[in-house]
Structures are given as structure tokens and as C-alpha cells.
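Notes follow the structure.
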Amino acid sequence: MDPQRPTTEMLLWAYRRGIFPMADSRTGQLDFYSPDPRAIIPLDGLHVPHSLARVVRSGRFEVRTNSDFEQVIRACSASRAGREETWLDERLIRLYVRLHELGHAHSVEAWRDDKLVGGLYGVQAGAAFCGESMFSRPEDGGTDSSKVCLVNLVERLNSGGFELLDTQFSTPHLKRLGCLEVSRERYLELLERAIARRAVWPAD
């Protein structure tokens, strides 16, 4: 298998072993990572601040799933202020869209006035959900939209029988929402247990 020409089968094989791809926008090189420590959000440990809970209850956004996966991933790949480079290239975008078509990748989306203003996507492996990226468009009224999508994601995962939410890396933003780091060894134990179980992605 050529790692520079990955297939959907190769990606699924990698995710089931705790490995994920990232493209170097400068060189075009595709690298695979298994970080130590690894970041997860316990499905019973999401912290929703009062201000975010008010936004969720307000109905400001219409939250959908899988209604426009490709638009979500392309929004995640777009450069923006403070992040001119992206780890998502066209090769990976096509692969993730194909994984979505095969039922292995899902998006959660925030819409406002019929416009996509935020979202996230990830890959499902058994009862594990490997979150890949998220975005929001404050300029289009999407302030807090990605956070609302994350709250909705955790609700979906719990209702669908999922056991693991992998966020790959920790950030200050994710830490405030309950993200924690575990050793790679512990993560692989959790992953092995999760992929051996069945979970169902809840539709709208």
C-alpha cells in the first residue's frame, strides 16, 4: 500500500489502529499520526457552560446531520485568519467524502437562514467516533455554532450507543468543554473495546 495514495480501506484500517492522516500543505506529503498523549471527551463528561446552554436552548441554529457532508469538510479545510495552512488536501477530502458515502463518516451541521454557518465531521469505527475537524462562520451569524454542534454530537453518540469520542489533540477550547488527555496505551485499549461493539449513527 502506498501511503501517499491512500484508499478508503487504508484509512479505515488506520483509524481502527488509532492512526490518522494529515497532509503537509507545503510539501504535499501525507503523514500518519498516533499521538501520545491522546485527547478524548468522555461521553458522560461534556461540560456545557451556562452561556452555551442558553445558545443551545435558544434554537438559534437548526442542527442537522449528514445533509451536506462535503460542504462541511470543505469549510473545515478552508484557510482563515490565524490559520493560513490546512492539513486537508483534495486527496483527503475525496477520501472522506467517499467514506461518508459508504456510511463510515458523518457530519453535524449548524444552519441559520438556510445557510451553513458551522459544523464538524469525523469517522465512525464501531462504537468509536474519531472527530476530525470543526468550523464556524461568525461573519454569517455562526458564533458558537461549532460548540452547539459538539453538544449535539455528544447527544447523538450517547443515544446511538457509542463509547468513545476521540478528538486527537487537546486545545484550550476543548479543555473547557471537558476534553482530557490519556496515554496512547490507554487510548488504544479504549479504542479496541469500542470498535468491537456496534453503534448506530442517529439520523435527524
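Note that the numbering runs from 1 along the sequence shown for the chain.
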So, Ser107 and Glu109: side-chain donor and acceptor under 3.5 Å apart, yes or no?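 Looking only at side-chain atoms, Glu109 and Ser107 do form a donor-acceptor pair, the distance falling under 3.5 Å.
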
Using distance alone, with no hydrogens and no angle criterion, decide if Ser133 and Trp87 have a side-chain donor and acceptor under 3.5 Å apart.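 Judged by distance alone, the side chains do not pair up.
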
Given the rule that I, L, V, M, F, W and Y join up when any side-chain heavy atoms are under 4.5 Å apart, are [X] and [Y] in one cluster?
X: Tyr15; Y: Val97; answer: yes
X: Leu164; Y: Leu43; answer: no
X: Val154; Y: Ile40; answer: no
X: Val117; Y: Leu153; answer: yes
X: Tyr96; Y: Tyr33; answer: yes

From [X] atom [atom1] to [Y] atom [atom2], the distance as rounded to the nearest 0.5 Å:
X: Thr65; Y: Trp201; atom1: OG1; atom2: CH2; value: 4.5 Å
X: Glu132; Y: His106; atom1: CD; atom2: NE2; value: 13.0 Å
X: Glu62; Y: Leu116; atom1: CD; atom2: CG; value: 11.0 Å
X: Glu185; Y: Leu190; atom1: CD; atom2: CG; value: 11.0 Å
X: Ile19; Y: Leu11; atom1: CD1; atom2: CG; value: 10.5 Å
X: Arg176; Y: His47; atom1: CZ; atom2: NE2; value: 10.0 Å

Cationic N near anionic O, under 4.0 Å, Glu90 to Arg74: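 Answer for the salt bridge query: yes.
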
Should Arg91 and Asp89 count as an ion pair when the cut-off is N to O under 4.0 Å?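 Looking at Arg91 and Asp89, the cut-off is met.
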
For the backbone of Phe162 and the side chain of Gln124, can you confirm whether one donor and one acceptor N or O come within less than 3.5 Å of each other?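 It does not hold such a pair.
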
4.5 Å side-chain heavy-atom contact, [X] and [Y]:
X: Leu174; Y: Phe169; value: no
X: Val123; Y: Phe20; value: no
X: Asp36; Y: Tyr187; value: no
X: Leu92; Y: Ile73; value: no
X: Leu177; Y: Leu52; value: yes
X: Val151; Y: Val63; value: no
X: Phe61; Y: Asn152; value: no

Would Leu12 and Leu102 count as a side chain to side chain contact (heavy atoms under 4.5 Å, CB included) if you check the C-alpha gap in whole Å, the side-chain angles of each, and the deciding distance to 0.1 Å? CA-CA 11 Å; Leu12 288 174; Leu102 294 170; 5.9 Å; no

Could you give me the CA-CA distance, side-chain angles and deciding distance for Arg64 and Asp114, then say whether salt bridge (charged side-chain N to carboxylate O under 4.0 Å, His left out) is met? CA-CA 11 Å; Arg64 309 176 191 170; Asp114 211 31; 3.2 Å; yes

Start with the C-alpha gap between Leu150 and Ile41, add the side-chain angles, then the distance that decides, and say whether side chain to side chain contact (heavy atoms under 4.5 Å, CB included) holds. CA-CA 10 Å; Leu150 180 60; Ile41 294 179; 4.1 Å; yes

Salt bridge (Lys or Arg N to Asp or Glu O under 4.0 Å) pairs, two or more places apart, involving residues 151-175: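 Those involving residues 151-175 are Arg38-Asp166, Arg156-Asp204, Glu163-Arg193, Glu163-Arg197.
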
Worked check of side chain to side chain contact (heavy atoms under 4.5 Å, CB included) between Val72 and Phe135: CA-CA 8 Å; Val72 170; Phe135 80 98; 4.1 Å; yes

May I have the step-by-step check of side chain to side chain contact (heavy atoms under 4.5 Å, CB included) for His100 and Glu70, ending in yes or no? CA-CA 9 Å; His100 168 67; Glu70 184 167 355; over 6 Å; no

